[in-house]
Amino acid sequence: MKIIRTFSIIIIAFFLVLLDVSFFSSFEILGVTFLSALVVLLVFSLVGVYREFVVLAVALVFFFNIFSSLPVWLILVIFLFIPAALTYLRTTYLPEISLPVAIIFLALTCLAFELTLLLSAQEWSRIGLEKVLVFTAVNSGIGLLIFSGVRRLGGNRGKIKF
Amino acid sequence: MNGMRRYFRFILSLVLVCVLLVLLFQTKSTLADFSWRAVRPISIAMNRAGVKVSRLFSAFGEIVSLREQNRLLTEKIARMEVDGSRIAELEHENNLLQKEIGFAGENKSYELVPAKIIGREPTTFLDYIIIDQGKDMELSPGMAVISDGTLVGQLKEVYENSAKVVLITSKNSAIQAMLQVNRSKGILRGGISGLALENISQDAEIVSGEYVVTSGLGGKMEQGILIGKTGGNRSSSSDIFQSVSVEPVADLSKLELVFVARSLNKS
């Protein structure tokens with residue numbers, strides 16, 4: 001059962017990366033692209049499936065290394081270390097999932113993700129910072145919608161608390 | 001006993017991760033080429049769908065300006081048809097003159113290889129696309145990539161059946177270019193602030209709206225491929241060189257099919 005679950009996560013990771021490099025990268029929302037792989041990874045963390053979160057993160061690192069031009073070390077940082085570090089901080093200091101916690105977690109992770117990319121690309125300018133903020137708003141907004149949908153589907157088990 | 005087992009499992013996981021990382025480093029280009037080949041039909045279809053969605057949303061936003069744009073474009077086409085016939089006359093005259101003074105006729109030194117876009121860089125700040133042609137079509141790094149007659153990028157890495165193209169808007173792009181009218185040469189660089197033609201000498205007179213074309217310096221790219229038009233001057237009189245912003249002619253966000261200018265000289 002565990003092996004089937006792990007294999008399913010790897011397949012999901014593959015299709016998420018394929019979606020990002022083929023579909024979502026073809027159009028922009030307010031000048032930035034939507035990264036489904038990152039958002040789904042963060043939703044896994046919010047829902048509390050930590051083992052699947054780690055498997056998904058490692059699989060995303062593997063597949064992004066193949067399909068993206070980013071260096072391996074950078075992919076490791078943005079798809080594994082940053083989400084894992086912020087997940088750890090969230091579970092330590094804000095263990096109870098609520099709507100504000102979800103918003104803060106999504107926004108901070110997306111912000112850290114995009115800021116890391118901005119620094120590595122050395123595009124430090126007003127326009128670069130604007131893109132970081134827009135990316136954070138778009139991706140964390142969509143992430144929140146997905147998370148809300150997942151929690152609603154989960155029934156009483158996963159009611160969002162204020 | 002449990003502690004030993006856990007320690008052993010941790011060491012084993014660490015070793016496996018290190019081996020995986022080394023493998024990733026060593027085999028990235030082979031894996032990338034194989035993977036792009038495997039997903040080509042799906043990624044082409046998804047890319048097309050994404051471009052269609054993008055066009056649909058942008059159409060809603062542009063409805064107000066479309067009529068005025070249509071009117072201006074109709075006038076421009078009429079003017080260009082007149083220019084086109086004048087250019088044909090000048091070409092004919094040029095050929096006759098070259099023959100008169102014993103010049104060999106200028107043969108085209110490249111051919112266009114069509115290529116579909118099968119993927120794009122998904123993250124911001126990097127502008128790369130992946131095309132479905134590679135070494136099997138005798139492509140090599142540095143070749144120009146064209147769409148609708150204008151330069152959109154340059155081959156950066158070429159695999160067996162696919163290639164990575166760095167777009168002209170990328171920070172990593174640097175193309176030898178020149179102003180078409182006064183022939184002043186410079187380097188066209190991309191970035192998040194937009195395209196800029198840099199390293200132009202201070203005594204060059206830059207006019208807004210002048211065409212920018214490739215200069216052919218460096219040998220890899222043909223001369224005269226249209227890139228865009230000049231915008232505002234970005235430099236001050238105290239700078240050693242001038243720098244001018246360039247508006248690309250091609251819409252790089254809606255590319256589906258591109259052409260690689262493959263040199264006909266086998267040397």
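Below, chain A is the first sequence line, B the second, and so on; all start at residue 1. Bear in mind that the values here come from a model prediction, so they are computed numbers and not experimental data.
Looking at Phe135(A), the atoms closer than 4.5 Å to chain B (heavy atoms on both sides) all sit in the side chain, from C-beta outward. Contacts between Leu70(A) and chain B at a heavy-atom distance below 4.5 Å involve backbone atoms as well as side-chain atoms. Heavy atoms of Leu35(A) lying under 4.5 Å from chain B belong exclusively to its side chain. Interface remark: Phe34(A) contributes no atoms to any contact with chain B (heavy atom separation under 4.5 Å). Only the side chain of Val39(B) comes within less than 4.5 Å of a heavy atom in chain A; its backbone stays farther off. Contact annotation for Thr33(A): only side-chain heavy atoms (C-beta onward) come within less than 4.5 Å of a heavy atom of chain B. Only the side chain of Ile42(B) has a heavy atom closer than 4.5 Å to any heavy atom of chain A. With a 4.5 angstrom heavy-atom cutoff, Leu19(A) touches chain B via backbone and side-chain atoms both.
Around atom CD1 of Ile240(B), no more than 12 heavy atoms belonging to other residues, nucleotides or ligands sit under 6.0 Å away. Heavy-atom neighbours of Leu72(B) CG from other residues, nucleotides or ligands within 6.0 Å: above the threshold of 12.
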Walk me through it: do Glu114(A) and Lys131(A) pass the test salt bridge (charged side-chain N to carboxylate O under 4.0 Å, His left out)? CA-CA 9 Å; Glu114(A) 196 71 352; Lys131(A) 286 219 176 241; over 6 Å; no
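The shortest distance between side-chain heavy atoms of Val101(A) and Glu96(A) does not fall below 4.5 Å. You'll find the side chain of Phe105(A) stays beyond 4.5 Å of the side chain of Ile97(A), heavy atoms only.
Side-chain atoms of Glu123(A) and Ser125(A) include no donor-acceptor pair closer than 3.5 Å.
The closest donor-acceptor contact from the side chain of Ser45(A) to the backbone of Leu41(A) lies at 3.5 Å or more, if one exists at all.
Between chain B and the residues Ser120(A), Ser69(A), Ala121(A), Gly128(A), the largest count of heavy-atom pairs under 4.5 Å involves Ser69(A).
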